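Keep in mind that what you see is a predicted model, and the values were worked out from it rather than measured. Counting convention: from 1, in listed order, for ligands and their atoms alike.
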Amino acid sequence: MSSNRRPLKSLGQNFLVDGNVITRIIQAAEIQPGQAVLEIGPGRGALTGYLAEHAGQLVLIEFDHALAAWHSAQHKDNQRVTVIDADVLKVDLADILSETPQKWNVVANLPYNISTEVLFRLYGVHDRLARMTLMLQKEVGDRLAAPPDCSAYGVTTVLLGLWFDIRRVFVVHPGSFHPSPKVDSVVLNFIPRSEARADVGDEDVFRAVVKSAFSMRRKTLINCLKSAEFAKQIDCGELLEACAIDGRRRGETLSLEEFAVLSRWVTEMLGTQTKAVAFSTGS
Ligand code: SAM
């Protein structure tokens, strides 16, 4: 059967084989009867059977064509299950999640090699989400809870922290997977907030500010900001003065509130030109 083919390292295929961990993830997901659920990377279906039974609507996005075909066959009689044979980084998530007015519950044991990029994409659709339960490499999970001015504090900490309350559920050891990864993993709950943790002005601007501040960790904040697209239109010295933030600091020392102030001022200074600024979502 295709689902038993050798796991592909290139697709981060470390399949869950520990029934206890599978049960705990399902419990943490708190799927409500009839809820719309998205599973990214269902793999051999460790979590999928339960989701298919309990979700009102289940969308599976799987990049391994053989596994996607296997899921399509498995669920061919279940109208509530849709299999998307595609790269989650290439699909239009906002479009997929607009299929129903309900908010979505996302469940995923993410492939390590793309987990940060997937987090950015899920951040981009935070307003369509009811909850997320994600398994990540422990180091990536630890970053999300890191305080300012430590090496783990980064773009994901600041962006995801704006819109989600993030709670560590439990740590998963390598022996719970086949094949075993080299590192520990962690399961996290992401609960979207009804209001952002801070007023950041334009969110595209906020993303650009945060990304530029972390773009060169050894450089000063002012030099990092100067490398951003928006710096072609505004004076970063004036910006930092207006915000009362010392440009000699490093970006990683800024709190969420300080990023919010910077973002509000950039939004203000760009004025109507804001939408002309080019932004990207990469790490
Ligand atoms: N959910 C299964 C489990 O817990 O056993 C599999 C998890 S495995 C860590 C990651 C899964 O994501 C694999 O099935 C892999 O094929 C799939 N995958 C990898 N890259 C992907 C991508 N870019 N888009 C969608 N799925 C991807």
Side-chain angles (χ1 to χ4, degrees), residues 1-29 31 37-55 58-75 81-97 104-125 132-141 169-189 281-283:
M1 192 189 293
S2 61
S3 71
N4 286 331
R5 197 206 47 213
R6 240 175 119 194
L8 299 172
K9 212 173 170 185
S10 60
L11 289 181
Q13 292 184 341
N14 299 101
F15 299 114
L16 265 174
V17 290
D18 182 333
N20 183 38
V21 170
I22 293 168
T23 304
R24 290 179 72 189
I25 293 175
I26 295 288
Q27 283 169 350
I31 307 294
V37 178
L38 167 67
E39 186 183 6
I40 300 168
R44 292 179 177 171
L47 306 164
T48 319
Y50 178 92
L51 302 177
E53 235 175 83
H54 292 83
L58 174 64
V59 171
L60 307 173
I61 304 177
E62 174 57 65
F63 197 20
D64 180 323
H65 307 308
L67 288 176
W70 181 73
H71 278 288
S72 296
Q74 287 287 304
H75 302 289
V81 180
T82 306
V83 180
I84 301 178
D85 176 355
D87 179 350
V88 68
L89 301 181
K90 301 259 169 69
V91 298
D92 184 341
L93 271 185
D95 187 48
I96 293 168
L97 303 185
W104 292 70
N105 194 333
V106 180
V107 182
N109 166 15
L110 291 175
Y112 289 161
N113 49 340
I114 58 163
S115 57
T116 301
E117 194 56 36
V118 174
L119 283 173
F120 286 128
R121 279 166 195 270
L122 291 168
Y123 161 79
V125 292
M132 301 199 288
T133 305
L134 306 179
M135 173 130 61
L136 302 165
Q137 186 177 337
K138 186 170 165 296
E139 189 193 323
V140 176
V169 189
F170 63 101
V171 171
V172 184
H173 299 296
S176 297
F177 303 88
H178 170 73
S180 297
K182 291 199 170 62
V183 292
D184 280 344
S185 304
V186 65
V187 175
L188 300 172
N189 269 146
T281 53
S283 53

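With sequence neighbours left out, the side-chain contact (heavy atoms from CB on, under 4.5 Å) criterion links P181 to N14, Y112, P174, F177. Not a single salt bridge (Lys or Arg N to Asp or Glu O under 4.0 Å) links K9 to another residue, sequence neighbours left out.
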Tabulate below the donor-acceptor pairs under 3.5 Å that side-chain atoms of residues 86-97 make, not counting sequence neighbours, or state none.
unit_1 : atom_1 : unit_2 : atom_2 : d
D87    : OD1    : L89    : N      : 2.8
D92    : OD1    : A94    : N      : 3.2
D92    : OD1    : D95    : N      : 3.1

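Put simply, CZ on F170 and OG on S185 are 10.0 Å apart, with the number rounded to the nearest 0.5 Å. Here the CD-CG distance, from Q13 to N109, works out to 11.0 Å after rounding to the nearest 0.5 Å.
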Inset, instruction - Starting from the C-alpha separation in whole Å, work towards a yes-or-no answer on side chain to side chain contact (heavy atoms under 4.5 Å, CB included) for L47 and E39. - result: CA-CA 9 Å; L47 306 164; E39 186 183 6; 3.8 Å; yes
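Among protein residues, L11, G12, Q13, N14, F15, L16, E39, G41, P42, G43, A46, I61, E62, F63, D64, A86, D87, V88, N109, P111, I114 come within 4.0 Å of ligand 1, judged on heavy atoms.
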